Amino acid sequence: MRIIEKVSEMQQQADAWRREGKRIALVPTMGYLHRGHLTLMQKARNHADIVVMSVFVNPIQFGPGEDFERYPRDMERDVRLAKEVGVDVAFSPSATDMYPEGYQTHIEVTEVTRPLCGKSRPGHFQGVTTVVGKLFHIVKPHTAIFGEKDFQQLVAIRRMVKDLNMDIEILGHPIVREEDGLAMSSRNVYLNSEQRKNALRLSQSLREAQTLVRQGERNSAAVLARVRNILEAGKDMRIDYAEMRHPETLQEASQIEGPVLLALAVFVGATRLIDNRVLNASA
Ligand code: PAF
């Protein structure tokens, strides 16, 4: 597996692959890979001749006081794991190569980034769409793959690609969970054993919500009340949001008619975890 650190080198390589008629898949990551990332890379392998993973802890998607400095990093391990699932290139640029002095251009997707994480983390999605847009120009992929745990991120990226006529196929992949239900996240390493146990309340509340809907509950407020009960019963847990939204527009859904996204962000101690499930009356 080759490691490319320079933006210009990555662009030249991507041009060469395209001239040879090769199909390129990109899996953007911030590194510290877990099984969820590796599943995305395996999926990418089935959709392209060349699989590129980017590893870049993107400073502009972290707000003041967030965990940019302490975000876990282990490039050596990431390279080893990615190699095992057949990644061809790890693209790992420096922040100064991505955002040289004088940098001043950003991509903003408006409506779908306003609620949920957009409300609690101002500027976050502008940072995400900007870096993903840049990665698309650098790696020149035909397809790019994102996990559905960051559901709102995926909605925003799909919107950006559509609105800016980017000729890239965007694939989502279902959340990969630990055996006990915890959604995989690089931030799970922040949890101590008691917090790890409490964090299970997120996936538990999503399962309970789906059960209520299957049993005939159609009122979002009633389902959310049960979800909140489960989450708030956990020690040292604070709900940032628990909301029902239309899965494409992310507009509020007061009734469950057709698929509805139940999206959660919860602080367990100081660690903010997100999780979600698309609830469906027929599931
Ligand atoms: O989901 C992530 O890890 C990041 O938001 C992404 C898409 C790699 C952009 O930095």
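Counting convention: from 1, in listed order, for ligands and their atoms alike. All values below were derived from every heavy atom in this structure, side-chain atoms included, with hydrogens, water molecules and symmetry-related copies excluded. Predicted model, so just to flag it, every value in this text is computed and none were measured.
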request  = Identify, by atom number and element, the atoms of ligand 1 in contact range of Val131, meaning under 4.0 Å from any of its heavy atoms.
outcome  = 9 (C), 10 (O)

query = Quick one: is the NZ or CZ of Arg158 closer than 6.0 Å to the six-membered ring centre of Phe146, and within 45° of its axis?
reply = no

message = Give the atom numbers and elements of ligand 1 that come within less than 4.0 Å of a heavy atom of Pro28.
response = 8 (C)

request  = Identify the two heavy atoms, one from Pro72 and one from Tyr190, that lie closest to each other, and give their separation to 0.1 Å.
outcome  = CD-OH, 3.4 Å

ask   = Between Asn58 and Tyr71, does any side-chain donor sit less than 3.5 Å from a side-chain acceptor?
value = no

ask   = What protein heavy atom is closest to atom 2 (C) of ligand 1, reported as residue, atom name and distance in Å?
value = Gln153 NE2, 3.9 Å

Ionic contact status for Arg177 with Asp275, cut-off 4.0 Å = yes

Shortest heavy-atom approach to atom 9 (C) of ligand 1 - which of Met53, Gln61, Met30 = Gln61

ask   = Do the charged groups of Asp88 and Arg45 touch, with an N to O distance under 4.0 Å?
value = yes

ask   = For ligand 1, which atoms have a heavy atom of Thr29 less than 4.0 angstrom away?
value = 8 (C)

